[in-house]
Amino acid sequence: MTVIVTGGAGFIGANFVFHMLAAYPSYRVICVDKLTYAGNLSTLKDVMGNSNFRFVKLDICDREGMYKLFKEEKPDIVINFAAESHVDRSIENPEIFLQTNILGTQVLMDACRKYGIQRYHQVSTDEVYGDLPLDRPDLFFTEETPIHTSSPYSSSKAGADLLVLAYHRTYELPVTISRCSNNYGPYHFPEKLIPLMIANALADKPLPVYGEGLNVRDWLYVEDHCRAIDLIIHKGRVGEVYNVGGHNEMKNIDIVKLICKELGKPESLITHVEDRKGHDMRYAIDPTKIHNELGWLPETKFADGIKKTIQWYLDNKDWWEEIISGEYQNYYKKMYGERELISIG
Ligand code: NAD
Ligand code: TYD
């Protein structure tokens with residue numbers, strides 16, 4: 001099997017690359033990544049020498065480059081993690097979100113149609129369902145919940161999902177979609193809530209909580225998400241959407257307080273700042289379908305996962321300090337020069 005993983009130098013994509021190489025030693029895994037500010041090649045350094053792994057620096061919107069790669073590698077499965085993923089950035093500049101998240105998805109699926117694949121999997125998000133009110137804890141997102149987006153980010157992901165389902169109906173492309181809740185764990189880019197708070201707390205910097213911090217997110221350890229995608233690409237039904245989440249709802253403020261406690265830092269570092277525009281109140285996934293059909297259940301409890309994650313950030317300061325300093329962006333040049341750029345695209 002040859003598997004293309006797009007966005008594999010980012011947070012979840014990299015964890016998925018590690019998962020696949022460990023779980024399927026006979027598979028060839030090709031990571032395609034543009035290395036935007038969110039991509040960090042040093043994350044993949046431990047697998048660079050693996051003969052079953054190849055890294056290709058490429059924009060998923062680059063049709064010519066993608067076709068060339070598909071022709072060369074003849075992938076069996078394509079899993080699309082590549083995306084602009086930060087809600088706050090989408091509020092500042094929506095355009096790149098529409099380009100990468102929607103048009104990039106289209107290019108990938110056109111390549112799949114042209115060269116033929118067994119499965120195209122779209123990594124989507126629970127944010128396509130919009131939000132739930134805080135005073136209705138009985139409500140959850142199911143796969144039938146209407147798409148009702150709030151931010152340019154979630155709108156672009158929803159647009160891509162609709163296109164994926166249209167390619168299935170119109171061209172019979174064998175697709176699946178997963179819509180997962182918020183992930184946390186190793187290699188999470190330090191602009192997102194949990195790693196940002198850990199990094200700031202360690203530096204005794206203010207911890208910027210948007211508004212009152214009462215917004216609720218449904219947190220899932222990244223490895224549990226990777227196992228869910230593994231099951232869906234191998235056993236999931238074509239044309240189906242699967243929600244992924246572990247019933248782990250937490251208020252932002254409680255997470256920040258927990259991080260302070262674990263790191264022995266004072267809660268006085270918490271600083272309430274202006275709220276995010278259009279800020280979603282609550283996300284909560286009903287994972288019944290993936291549980292019943294594929295037997296998926298989360299393995300890591302939040303209490304353990306957050307401890308493991310904090311320990312990882314303590315043990316891997318170099319990784320995130322290089323991101324904060326900007327040094328990580330020189331890593332590709334040091335490692336590759338212009339080699340891959342010439343061979344593809
Ligand atoms: P991330 O921002 O950490 O990583 C995204 C990766 O995609 C980066 O390596 C970046 O360089 C790459 N990329 C961006 N534009 C590209 C392009 N045009 N061509 C090729 N590569 C490109 O994101 P993440 O948190 O790992 O999220 C991965 C996927 O999972 C996204 O599709 C996101 O919508 C989805 N998702 C994320 C979460 C979460 O909590 N992080 C939850 C549910 C779904
Ligand atoms: P984030 O990690 O950006 O994920 P998403 O917006 O996709 O859920 O944010 C998680 C929650 O934390 C969200 O409610 C916004 C909030 N937040 C803060 O309060 N302060 C911050 O500095 C950040 C980055 C997020």
Quick check on His272: does its NE2 atom have over 12 non-hydrogen neighbours (other residues, nucleotides or ligands) under 6.0 Å away? yes

Ile60 vs Val107, test: side chain to side chain contact (heavy atoms under 4.5 Å, CB included). Steps then yes/no. CA-CA 7 Å; Ile60 58 165; Val107 169; 5.9 Å; no

Sorted by first residue and then second, give each side-chain hydrogen bond (donor to acceptor under 3.5 Å, both in side chains) pair with at least one member in residues 77-90; sequence neighbours left out. Thr6-Asn80, Tyr37-Arg89, Asn80-Thr105, Asn80-Tyr120, Asn80-Gln122, Ser85-Lys192, His86-Asp88, Asp88-Tyr210, Asp88-Arg276, Arg89-Glu191

Where Phe53 and Val47 come nearest, the two heavy atoms and their spacing: CD2-O, 3.5 Å

Donor-acceptor pair, side chain of Asp76 and main chain of Thr2, under 3.5 angstrom: yes

Evaluate the side-chain proximity of Gln106 to Arg63: yes if any heavy-atom separation is below 4.5 Å, no if none is. yes

Just so I know, are the side chains of Gln311 and Leu314 near enough to count as touching, which here means a heavy-atom distance under 4.5 Å? yes

Keeping Asn243 on the side-chain end and Lys289 on the backbone end, is there a donor-acceptor pair under 3.5 Å? no

Look at the rings of Tyr67 and Tyr115 and say which category their plane angle falls in: under 30° parallel, 30 to 60° tilted, over 60° perpendicular. perpendicular

Exam field: side chain Asp126 to backbone Phe141, donor-acceptor pair closer than 3.5 Å: no

For the residue pair Tyr313 and His188, is the inter-centroid distance of their aromatic rings smaller than 6.0 Å? no

Thinking salt bridges, do Glu127 and Lys157 make one under a 4.0 Å N-O criterion? no

Under the criterion side chain to side chain contact (heavy atoms under 4.5 Å, CB included), I'd like the reasoning laid out for Ile270 against Ile253: C-alpha separation, chi angles, the key distance, then a yes or no. CA-CA 9 Å; Ile270 295 174; Ile253 189 73; 4.0 Å; yes

Atom pair NZ (Lys74) and CG (Leu69), whose distance is rounded to the nearest 0.5 Å: 11.0 Å

Determine whether a donor-acceptor pair (N or O, by modelled atom type, separation under 3.5 Å) exists between the side chain of His148 and the backbone of Tyr129. no

Less than 4.5 Å apart, any side-chain heavy atom of His121 and any of Ile232? yes

Partners passing salt bridge (Lys or Arg N to Asp or Glu O under 4.0 Å) against Glu223 (at least two apart in sequence or in another chain): none

Would you check, one step at a time, whether the test side chain to side chain contact (heavy atoms under 4.5 Å, CB included) holds for Asn215 with Met281? CA-CA 5 Å; Asn215 308 65; Met281 278 319 297; 3.7 Å; yes

If you define the side chain from C-beta out and look only at heavy atoms, does anything of Val3 sit under 4.5 Å from Tyr24? no

Before you tell me yes or no, could you show the steps for Asn200 and Leu269 under side chain to side chain contact (heavy atoms under 4.5 Å, CB included), namely the whole-Å CA-CA distance, both residues' side-chain angles and the distance that decides it to 0.1 Å? CA-CA 9 Å; Asn200 280 17; Leu269 287 175; over 6 Å; no

Please step through side-chain hydrogen bond (donor to acceptor under 3.5 Å, both in side chains) for the pair Asn248 and Tyr221, ending with a clear verdict. CA-CA 10 Å; Asn248 222 321; Tyr221 195 63; over 6 Å; no

With no hydrogens and no angle check, is any side-chain donor or acceptor of Glu299 less than 3.5 Å from a backbone partner on Asp224? no

Would a 4.5 Å heavy-atom cut-off, applied to side chains only, mark Val78 and Met66 as touching? no

With distance as the sole test, does Asn101 use its side chain to make a donor-acceptor pair with the main-chain N or O of Tyr153 at under 3.5 Å? no

Is there a donor-acceptor pair closer than 3.5 Å between any side-chain N or O of Asp46 and the backbone N or O of Leu44? no

Would you say that Val244 contacts Ile285 through its side chain, given a criterion of any heavy-atom pair below 4.5 Å between the two side chains? no

Any carboxylate oxygen within less than 4.0 angstrom of a Lys/Arg side-chain nitrogen, looking at Arg227 and Asp230? no

Would you check if the side chain of Arg282 reaches a backbone N or O of Arg136 as a donor-acceptor pair within less than 3.5 Å? yes

Do Phe189 and Pro195 touch side chain to side chain, with heavy atoms closer than 4.5 Å? no

Taking distance alone, no hydrogens or angles, what donor-acceptor pairs closer than 3.5 Å link side-chain atoms of residues 9-16 to residues at least two apart or in another chain?
residue : atom : partner : partner atom : Å
Asn15   : ND2  : Phe11   : O            : 2.9
Asn15   : ND2  : Pro186  : O            : 3.1

I'd like to know if the side chain of Thr149 pairs up with that of Ser154 as donor and acceptor (distance under 3.5 Å, no hydrogens or angles considered). no

Checking Arg119 side chain against Gly236 main chain: does a donor-acceptor pair fall under 3.5 Å? yes

Side-chain donor/acceptor of Asp304 to backbone N/O of Thr300, under 3.5 Å: no

